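We count residues from 1, following the sequence as given. All ligand and atom numbering here is 1-based and tracks the order in the structure. Keep in mind that this is a model prediction, so the values were computed, not measured.
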Amino acid sequence: MIYAANFKTNHTRQSTREYLGKLQAKLMLERKPSDKVYIFPPLTALDDYESTNFKIGVQNAYPVENGAFTGEVGLEQLAEFNINTILIGHSERRDILKETQEDIAKKFAFFKEHNFEIIYCIGESLEIREQGLEAVMSHLVSQFEGIDTTYENFVVAYEPIWAIGTGRTASVEEITQTHNELKKVVDRPLLYGGSVKGANINEISAIENVDGVLVGGASLKTETFLELVLH
Ligand code: 13P
């Protein structure tokens with residue numbers, strides 16, 4: 001299983017260091033060798049962390065080496081921290097930061113060209129979910145527009161927007177159906193995200209085509225994230 005923690009705009013450099021220290025101590029003793037753990041802290045918390053038990057990635061970056069892009073971070077800045085893992089397409093960036101599919105596809109192509117491991121997020125609104133699986137799939141497929149789905153170093157994260165940070169998880173049936181359909185479209189490891197927590201990790205991780213989870217709220221404390229990783 002893959003366990004990915006997306007801190008979003010939470011944690012400081014100091015609290016991330018404390019978090020990772022605790023995580024490392026536990027994972028060293030108890031991580032299943034086949035599991036993979038990723039942490040996506042805020043950019044300001046990047047540091048010289050090294051661990052064979054988890055990997056640090058970034059939640060976002062700008063698709064340039066360097067240059068005049070006020071407020072953005074490019075490849076040169078990431079290289080200083082040995083970062084080669086990135087989240088692309090998160091619904092918060094699509095909806096709040098207004099990234100278009102075209103922007104996202106450019107980002108994907110750039111980081112693919114630089115051999116990054118990409119966790120590519122897709123997800124539908126409640127309005128689309130209420131129209132049924134066909135509408136959901138047509139929306140999700142549209143989020144692969146411009147994306148090279150044959151790239152060998154990427155993972156897909158299915159995160160229904162209505163399940164993010166709401167405490168409302170998609171049902172086992174909804175996840176099963178959607179992941180089964182997605183596997184027909186893209187043959188990559190498939191994460192589920194949206195209110196994953198200790199109380200539902202067993203049933204979610206038992207779903208056949210769920211290869212891992214992408215976690216927001218429940219990843220913010222080492223204890224609650226470890227409940228997932230060590231379940
Ligand atoms: P929550 O786990 O807080 O619902 O967030 C999911 C998410 O958006 C992870 O990227």
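- Pairs passing the side-chain hydrogen bond (donor to acceptor under 3.5 Å, both in side chains) check and including a residue from residues 154-168, sequence neighbours excluded, read H90-E159, E124-Y158, E124-W162, R129-Y158.
- At least one heavy atom of G194 sits closer than 4.0 Å to an atom of ligand 1.
- Aromatic pair F116/F110: centroids not less than 6.0 angstrom apart.
- Set against the non-hydrogen atoms of H90, the atoms of ligand 1 under 4.0 Å away are 7 (C), 8 (O), 9 (C), 10 (O).
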(request) Go through the steps for E30 and L226 under the test side-chain contact (heavy atoms from CB on, under 4.5 Å), then give the verdict. (result) CA-CA 10 Å; E30 296 182 46; L226 281 167; over 6 Å; no
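- Nearest protein heavy-atom contact of atom 3 (O) of ligand 1 is G217 N, 2.8 Å.
- Looking at C121 against ligand 1, nothing comes within 4.0 Å, counting heavy atoms.
- G216 N, 2.8 Å is the protein heavy atom nearest to atom 2 (O) of ligand 1.
- Side-chain heavy atoms closer than 4.5 Å link hydrophobic residues (I, L, V, M, F, W, Y) into clusters, and following such links, even through other members, never connects F111 to L87.
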(request) Evaluate the side-chain hydrogen bond (donor to acceptor under 3.5 Å, both in side chains) criterion for residues R93 and Q59: first the C-alpha distance (whole Å), next the side-chain angles of each, then the deciding distance (0.1 Å), finally the verdict. (result) CA-CA 10 Å; R93 296 210 58 87; Q59 300 168 22; over 6 Å; no
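- For G165, the heavy-atom gap to ligand 1 drops under 4.0 angstrom.
- At under 3.5 Å, not a single nitrogen or oxygen of T166, backbone or side chain, sits near a nitrogen or oxygen of ligand 1.
- Residues F108 and F154 place their aromatic rings such that the two centres sit under 6.0 Å apart.
- Contacts between I164 and ligand 1, counted as non-hydrogen atom pairs separated by less than 4.0 Å, involve both the backbone and the side chain.
- If you number the atoms of ligand 1 from 1 as listed, the ones under 4.0 Å from a heavy atom of L214 come out as 9 (C), 10 (O).
- Of all the atoms in ligand 1, the ones that sit under 4.0 Å from a non-hydrogen atom of A163 are 4 (O).
- On a distance-only criterion, G193 and ligand 1 share no N/O pair closer than 3.5 Å.
- Contact between A157 and ligand 1 is absent, with no heavy atom of the residue lying under 4.0 Å from the ligand.
- Shown are I204, V215, V37, N202; of these, the side-chain contact (heavy atoms from CB on, under 4.5 Å) with L228 is made only by V215.
- Ligand 1 places these atoms under 4.0 Å from at least one heavy atom of N6: 9 (C), 10 (O).
- Considering backbone and side-chain N/O of V215, none are found under 3.5 Å from N/O of ligand 1.
- The nearest non-hydrogen atom to atom 5 (O) of ligand 1, considering only E159, Q59, K8, K197, comes from K8.
- Below 30°, between 30° and 60°, or above 60°: for F144 and Y120 the angle between ring planes is between 30° and 60°, a tilted geometry.
- Note: Y38 and F40 have parallel aromatic rings, judged against thresholds of 30 and 60 degrees for the angle between ring planes.
- Defined by atom type and a distance below 3.5 Å, a donor-acceptor pair is present between the side-chain atoms of K107 and N60.
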